[in-house]
There are 2 protein chains.
Amino acid sequence: MTQEAGGSATTSIQAKVIAEMRARIIGGEVDPGAPLSELALADEFGVSRTPVREAFKQLQTEGLVEIRPRVGTFVTTPSRREITELFEMKELLEGAAARLLAQRGRVPEVDRLRNNLREADAAVARDDREHYAKLVGEFHDLLITGADNSKLEAHYKTLMNQLAYPRLVKTSLDQPGRPLQSDREHHLVLELIIEKDGDSAEQVMREHVRASRRALLAGLPAPGPGPSTDPART
Amino acid sequence: MTQEAGGSATTSIQAKVIAEMRARIIGGEVDPGAPLSELALADEFGVSRTPVREAFKQLQTEGLVEIRPRVGTFVTTPSRREITELFEMKELLEGAAARLLAQRGRVPEVDRLRNNLREADAAVARDDREHYAKLVGEFHDLLITGADNSKLEAHYKTLMNQLAYPRLVKTSLDQPGRPLQSDREHHLVLELIIEKDGDSAEQVMREHVRASRRALLAGLPAPGPGPSTDPART
DNA sequence: CACCAATCTCTTGCATGCAAGGAACGTTAG
DNA sequence: CTAACGTTCCTTGCATGCAAGAGATTGGTG
């Protein structure tokens with residue numbers, strides 16, 4: 001969804017607001033649970049409340065904000081449980097993508113994945129976690145794109161948005177030894193894809209997601225961004 | 001998503017509009033590709049354009065309508081390819097749900113599935129396709145609910161909405177012998193779930209989805225509501 | 001001192017007005 | 001008769017005004 005990201009020159013003013021807000025939330029510039037004032041944002045962007053309002057509406061459907069009627073709009077704070085659910089979905093979709101890509105055979109994405117891993121190896125070797133994190137994101141995106149199913153891709157994107165994934169990846173990669181293991185797992189998955197072994201590719205990919213989830217949770221403090229910040233709820 | 005369906009007494013006016021529009025689109029009351037005028041609907045509902053507009057925004061994110069800026073809002077017409085993709089996703093999600101439900105063991109949903117099949121058997125026996133179609137929908141919904149993953153449920157619902165599934169089920173069940181076979185497949189899946197054989201349950205469920213898809217496509221005319229109405233795209 | 005209540009302000013929900021951009025249509029030239 | 005052009009109308013995008021509801025604050029009371 002929201003495929004307009006592809007540089008549509010239309011760029012209605014609200015499209016900009018949506019993009020900007022999404023970036024801020026995913027990037028962690030605004031704290032989870034924080035209230036988002038229509039008026040404040042409208043002023044900041046130099047527009048009226050209307051486009052901001054419509055942006056909120058869409059972001060809500062994407063699961064990034066929560067609109068409490070007559071109260072306000074807040075950045076969603078995924079509960080521990082929701083994070084688990086999101087990872088369950090991530091495992092499901094990425095596993096399926098690996099299988100589908102394997103079935104497709106030799107497609108451009110496979111080569112791009114190979115190149116990605118080449119770069120990733122180098123990044124790991126020199127312990128450049130920042131760059132590696134970026135490459136990890138790219139790897140997973142390529143996998144999804146390679147599955148060649150636009151619906152899968154759309155659902156995956158909302159999923160990642162809700163996880164605020166870019167923020168999380170770094171945490172998990174800060175676990176000692178995790179980057180190297182992650183890189184190895186990526187290699188294994190790609191090998192299986194090239195061998196057209198869809199079943200195994202899915203299996204391994206799913207296991208990889210579970211491993212990354214474990215690494216992530218290990219790196220998080222107690223309840224993380226839990227609802228503790230907002231005891232007033234309910 | 002859009003959990004407001006749960007009879008929130010708030011029922012902001014736009015929530016009603018969203019619900020009504022969604023029902024119409026899914027129910028096939030409005031033709032795919034048909035334009036939806038903000039003004040006309042606003043008049044019909046006796047409200048201003050604003051809530052209608054916001055409803056469109058959400059329905060777009062749900063994939064039910066397409067807003068072409070400065071042109072109009074139209075009911076989306078899934079292409080043949082998109083339908084394939086949607087079924088691929090359906091297979092994926094329902095398969096996963098079967099597996100998850102099997103892993104959960106004895107939960108209330110299992111009993112409700114059993115009751116559902118009892119009723120379904122009777123409906124098939126007396127060739128009550130209408131009622132059976134309803135039970136089929138319920139069966140799949142129970143399966144998803146039983147997976148106990150709110151994200152899975154949310155994504156599944158948008159999927160079904162985009163497929164306008166209720167409309168399609170009847171078509172597929174009009175294939176001779178399909179109801180009986182469908183019922184048998186449901187029984188098999190439930191058996192495997194009760195036996196806690198998650199792997200097999202997923203396998204069989206996926207096969208069941210593929211079978212239902214074949215039955216459906218066999219019942220559809222040539223390109224159906226294809227994009228023929230709209231050659232201007234891309 | 002604690003607790004309850006009423007008010008008061010700030011928030012969003014909806015209605016409406018205005019302008020810009022497309023699309024369709026009628027007209028005119030070839 | 002066909003095709004290209006200009007114009008008109010209709011569409012949505014955005015700005016703004018108003019009112020209702022929720023929450024916080026403050027005053028009063030037990």
Next on the checklist: According to salt bridge (charged side-chain N to carboxylate O under 4.0 Å, His left out), who are the partners of A:Arg213, at least two apart in sequence or on a separate chain?
Outcome noted: none

Item to check | Partners passing salt bridge (charged side-chain N to carboxylate O under 4.0 Å, His left out) against A:Glu130 (at least two apart in sequence or in another chain) | outcome: A:Lys170

Checklist outcome for this item: salt bridge (charged side-chain N to carboxylate O under 4.0 Å, His left out) pairs touching residues 34-45 of chain B, sequence neighbours excluded, are B:Arg24-B:Glu44, B:Glu38-B:Arg49, B:Glu38-B:Arg53

Next on the checklist: Can you list everything that forms a ring-ring contact (aromatic ring centres under 6.0 Å, His included) with A:Phe87? Sequence neighbours excluded, please.
Outcome noted: none

Next on the checklist: Please enumerate all residues that pass side chain to side chain contact (heavy atoms under 4.5 Å, CB included) together with B:Val75, with sequence neighbours excluded.
Outcome noted: B:Ile25, B:Val30, B:Leu36

Item to check | nucleotides 6-21 of chain C: protein proximity per nucleotide (B base, S sugar-phosphate only, - neither; heavy atom, under 4.0 Å) | outcome: ------BBSBBB--BS

